[in-house]
Amino acid sequence: MSTFPLRVGTPDGLLYEGDVARVVCRTISGDLAILPGHCNYCTALGMGEAHIVLEDGTRRNAACIGGMLSMMNGVCRVLATTWEWEEDIDAERAEAARHRAEQALANGGLTDKEYRIAEAKLQRALVRLSVKE
């Protein structure tokens with residue numbers, strides 16, 4: 001299986017460095033798959049599920065919350081605001097965050113800014129729970 005180098009990092013540090021057969025991420029305009037030989041490309045990442053496929057076919061799932069992806073000269077770099085591998089997601093914490101966000105939205109009386117923040121917190125929790133399932 002053909003591969004290409006990938007580096008995944010966040011502001012907290014490097015989370016993955018190695019060769020992969022495929023990277024799939026949610027961008028601001030939809031899902032994107034990067035395969036070996038992909039043209040040079042750069043895009044902003046959205047909020048959603050992501051995964052990489054290793055050379056042996058092993059799939060590693062993650063929750064990706066914003067950032068940038070670039071594919072330049074055969075090397076892919078992902079700098080995510082938040083990137084959490086499936087095994088690192090705390091389902092109880094994500095469920096509690098989902099509950100708090102739903103309560104805030106249901107209670108009402110929020111300013112526009114507070115409403116957008118509560119919606120974003122709910123979306124983040126749902127992405128984490130979806131990856132964990």
Side-chain angles (χ1 to χ4, degrees):
M1 183 180 289
S2 185
T3 63
F4 59 95
L6 170 69
R7 291 177 56 108
V8 177
T10 69
D12 294 328
L14 186 64
L15 299 179
Y16 180 85
E17 184 172 26
D19 289 344
V20 298
R22 179 173 62 231
V23 177
V24 177
C25 291
R26 171 86 30 95
T27 71
I28 58 172
S29 59
D31 289 346
L32 170 72
I34 301 288
L35 301 170
H38 198 287
C39 65
N40 288 348
Y41 187 76
C42 185
T43 188
L45 295 173
M47 187 182 312
E49 296 180 41
H51 70 266
I52 64 173
V53 177
L54 306 176
E55 186 173 17
D56 65 2
T58 303
R59 178 176 160 148
R60 291 196 65 196
N61 298 316
C64 179
I65 314 294
M68 294 294 295
L69 177 145
S70 71
M71 180 69 165
M72 293 294 174
N73 303 319
V75 177
C76 187
R77 292 177 181 87
V78 174
L79 180 56
T81 305
T82 302
W83 181 281
E84 291 176 279
W85 293 112
E86 178 180 8
E87 61 270 17
D88 297 332
I89 294 172
D90 182 339
E92 288 180 19
R93 182 173 166 243
E95 186 60 42
R98 181 191 65 81
H99 181 70
R100 284 191 306 274
E102 287 176 342
Q103 284 299 112
L105 292 169
N107 290 342
L110 302 173
T111 66
D112 286 344
K113 181 179 179 181
E114 291 168 336
Y115 186 84
R116 286 192 308 273
I117 290 170
E119 277 188 324
K121 287 180 178 183
L122 176 59
Q123 184 64 34
R124 281 193 299 270
L126 292 173
V127 167
R128 289 179 173 116
L129 290 169
S130 176
V131 169
K132 194 64 175 177
E133 293 175 357

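All of these numbers come straight from a predicted model, not from anything done at the bench. For this chain, numbers begin at 1 and follow the sequence in order.
The structure places CZ of R7 at 11.0 Å from OG of S70, a figure rounded to the nearest 0.5 Å. Within the model, atoms CG of D56 and CG of L54 stand 5.5 Å from one another, a figure rounded to the nearest 0.5 Å. The distance from the CD1 atom of I52 to the CZ atom of R59 is 11.0 Å, given to the nearest 0.5 Å. With rounding to the nearest 0.5 Å, the separation of OG1 in T27 from CG in L69 is 9.0 Å. Taking CD of E49 as the start and CG of D31 as the end, the distance is 9.0 Å to the nearest 0.5 Å. Atom SG of C76 is separated from atom CG of D19 by 12.0 Å, given to the nearest 0.5 angstrom.
More than 12 heavy atoms of other residues, nucleotides or ligands shown are found within 6.0 angstrom of CD on E87.
The hydrophobic clustering, which links ILVMFWY residues whose side-chain heavy atoms are closer than 4.5 Å, places L45 and V23 together. The hydrophobic cluster containing V8 does not contain M72, counting ILVMFWY residues as joined when their side-chain heavy atoms lie under 4.5 angstrom apart, directly or transitively. Linking ILVMFWY side-chain heavy atoms closer than 4.5 Å, directly or via other members, places L6 and L32 in a single hydrophobic cluster. The hydrophobic cluster containing M71 does not contain M68, counting ILVMFWY residues as joined when their side-chain heavy atoms lie under 4.5 angstrom apart, directly or transitively. Linking ILVMFWY residues whenever their side-chain heavy atoms come closer than 4.5 Å, directly or via other members, places I34 and L15 in the same cluster.
Residues G67 and T81 come closest through the heavy atom pair N-OG1, 3.7 Å. The two atoms that bring A118 and A101 nearest to each other are O-CB, 3.6 Å, heavy atoms only. Between A94 and R128 the shortest heavy-atom distance is CB-CB, 4.0 Å. Closest heavy-atom contact between A63 and V127: CB-CG1, 3.8 Å. A pairwise comparison of heavy atoms in A62 and V131 identifies O-CG2, 3.4 Å as the closest pair.
With hydrogens and angles disregarded, no donor-acceptor distance shorter than 3.5 Å links the side chain of N61 to the backbone of H51. Distance alone, capped at 3.5 Å, is enough to place a donor-acceptor pair between the K132 side chain and the I89 backbone.
Under the 4.5 Å side-chain criterion, counting only non-hydrogen atoms from C-beta, T82 is not in contact with T10. Within the 4.5 Å cutoff, the side chain of C64 has no heavy atoms near those of the R26 side chain. Side-chain contact between W83 and Y16 is absent, with no heavy atoms from C-beta onward closer than 4.5 Å.
When R98, R100, H99 are each tested for a side chain to side chain donor-acceptor pair (under 3.5 Å) with E102, only one passes: R98.
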